[in-house]
Amino acid sequence: MPLPRRAATPAPAALLPGLAAAPPPPALADPARRALALTVHRRLCEEYGCPIAYFQSLSPLDELVSSLLSHRTRNRDSHRAYESLRAGFADWAAVRDAPVEAVERAIAGVTWPEAKAPALQRVLRTITERRGALDLSHLAALPEAEAAAWLAALPGVGPKTVAAVLSFSTLRRRALPVDSHHHRVAQRLGLIPPACAVGPSHALLLALLPEEWDAQQVYDDHQVMMRHGQRCCFFRNPACARCVLLDLCPTGRARTGAAPAG
């Protein structure tokens, strides 16, 4: 079964002035998809080992900056850009107030630095206006839905960035980031519709997970789905023959002629 070619994409609207991500559609999770999501989670946890340690412990503000830099950028390059900002400026207030050209030079290694530099400064200015200081520690005292809504109201901050701040930072909240690898695996498995974009998929995929799961279990789900996309379910030429999900995956079965799960 042929796989689509990856198309080159311009800087997304979320990085441009005044345009925030559209709200996700209602999360509709039927019992069959819930059951599939649980089976997938169990198998991938066996494959990659759960629980998975959190990969960093940044403050919510630090994680927000890191996440904004990481969009459509390799982890290594976004990390270098983050460290470049930390080394080149005294603090985030200095980044906020610097000439935009200086910020763009500091993050030159990321994708779309010309869009991300002014976008980052807009976010930092908005936080200062709303909070009186560059500080997001108040999010720890808010219920998850309120904390998510507060972050989503920042200019250009979409569902992935919201979930990353809530999950990856020291807040350690129950949120599900969805990157391109996670999204690809979910689409091929039929957990989300084929035309579902990454943004709306956050709500749909989180709705498939048990409400009683804690933050670590939800984080594990993201991690194993992402790792499977990186190590087996490649964008081009996925390794379907050795995939532990082959009998569950309509895309893989169509490519290999494998039988569905009994």
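Residue numbers run from 1 in the order of the sequence given.
For the ring pair (Phe, Tyr, Trp, His ring centres under 6.0 Å) test with His182, the passing option among His202, His228, His222 is His222; the others fail. Remark: of the listed residues Thr126, Asp91, Thr128, Thr128 is the sole one forming a side-chain hydrogen bond (donor to acceptor under 3.5 Å, both in side chains) with Arg96.
Arg227 has its side chain within reach of Ile52: a pair of non-hydrogen atoms, C-beta onward, lies under 4.5 Å apart. Between Thr170 and Pro60, the closest side-chain pair of non-hydrogen atoms falls below 4.5 Å. Two residues are said to be in side-chain contact when any heavy atoms from C-beta on lie closer than 4.5 Å; Pro260 and Asp247 fail this criterion. Counting heavy atoms from C-beta outward, Leu154 and Ile127 have side chains that approach closer than 4.5 Å. Using a 4.5 Å heavy-atom cutoff, the side chains of Met225 and Leu44 are in contact. In this structure the side chain of Lys116 never reaches within 4.5 angstrom of the side chain of Leu68, judged on heavy atoms. Looking only at side-chain heavy atoms (C-beta outward), Arg43 and Val224 stay at 4.5 Å or farther from each other. Within the 4.5 Å cutoff, side-chain heavy atoms of Leu120 are placed close to those of Leu124.
The shortest heavy-atom contact between Leu246 and Cys240 is CD2-O, 3.6 Å. Across Ala98 and Phe89, no two heavy atoms sit closer than the pair CB-CE2, 3.5 Å. The two atoms that bring Thr73 and Asp77 nearest to each other are CG2-CB, 3.7 Å, heavy atoms only. Closest non-hydrogen pair, Gln230 versus Arg184, comes out as N-NH2, 4.5 Å. Counting all heavy atoms, side chain and backbone alike, Gln121 lies closest to Val103 at NE2-CG2, 3.6 Å. Trp150 and Leu136 make their closest contact through CZ3-CD2, 3.5 Å (heavy atoms, listed as atom of the first residue, atom of the second, distance).
No hydrogens or angles considered: a donor-acceptor pair under 3.5 Å links the side chains of Ser57 and Arg172. Side-chain contact annotation: Glu63 with Gln56, donor-acceptor N/O pair under 3.5 Å present. Side-chain contact check for His79 and Arg76: no donor-acceptor pair (N or O, by modelled atom type) lies under 3.5 Å. In this structure, a donor-acceptor pair under 3.5 Å is present between the side chains of Gln216 and Asp220.
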Yes or no on side chain to side chain contact (heavy atoms under 4.5 Å, CB included) for His183 and Ile192, after CA distance, side-chain angles and deciding distance?
-> CA-CA 9 Å; His183 181 257; Ile192 53 176; 3.6 Å; yes
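Rounding to the nearest 0.5 Å gives a distance of 10.5 Å between CD of Glu146 and CG of Leu139. Of the inter-residue distances, the one linking Ser59 atom OG with Asp135 atom CG reads 8.5 Å to the nearest 0.5 angstrom. Here the CD atom belonging to Glu144 is positioned 5.0 Å from the CZ atom belonging to Arg173, to the nearest 0.5 angstrom. Here the straight-line distance linking atom CZ of Arg242 with atom CZ of Arg231 works out to 10.5 Å at 0.5 Å rounding. The distance from atom OG of Ser137 to atom CZ of Arg131, rounded to the nearest 0.5 Å, is 6.0 Å. Between atom OH of residue Tyr82 and atom OG of residue Ser67 there is a gap of 12.0 Å, rounded to the nearest 0.5 Å.
Enclosure of atom CZ in Arg130 by more than 12 non-hydrogen atoms of other residues, nucleotides or ligands within 6.0 angstrom is indicated. Summarising the local packing, CG of Asn75 is surrounded by 12 or fewer heavy atoms from other residues, nucleotides or ligands at distances under 6.0 Å.
Cysteines Cys243 and Cys232 keep their SG atoms at least 2.5 Å away from one another.
The hydrophobic cluster containing Val100 does not contain Leu134, counting ILVMFWY residues as joined when their side-chain heavy atoms lie under 4.5 angstrom apart, directly or transitively. One hydrophobic cluster, built from ILVMFWY side chains closer than 4.5 Å, holds both Val162 and Leu61. By the rule that hydrophobic residues join a cluster once side-chain heavy atoms approach within less than 4.5 Å of another member, Leu38 and Val185 end up as members of one cluster.
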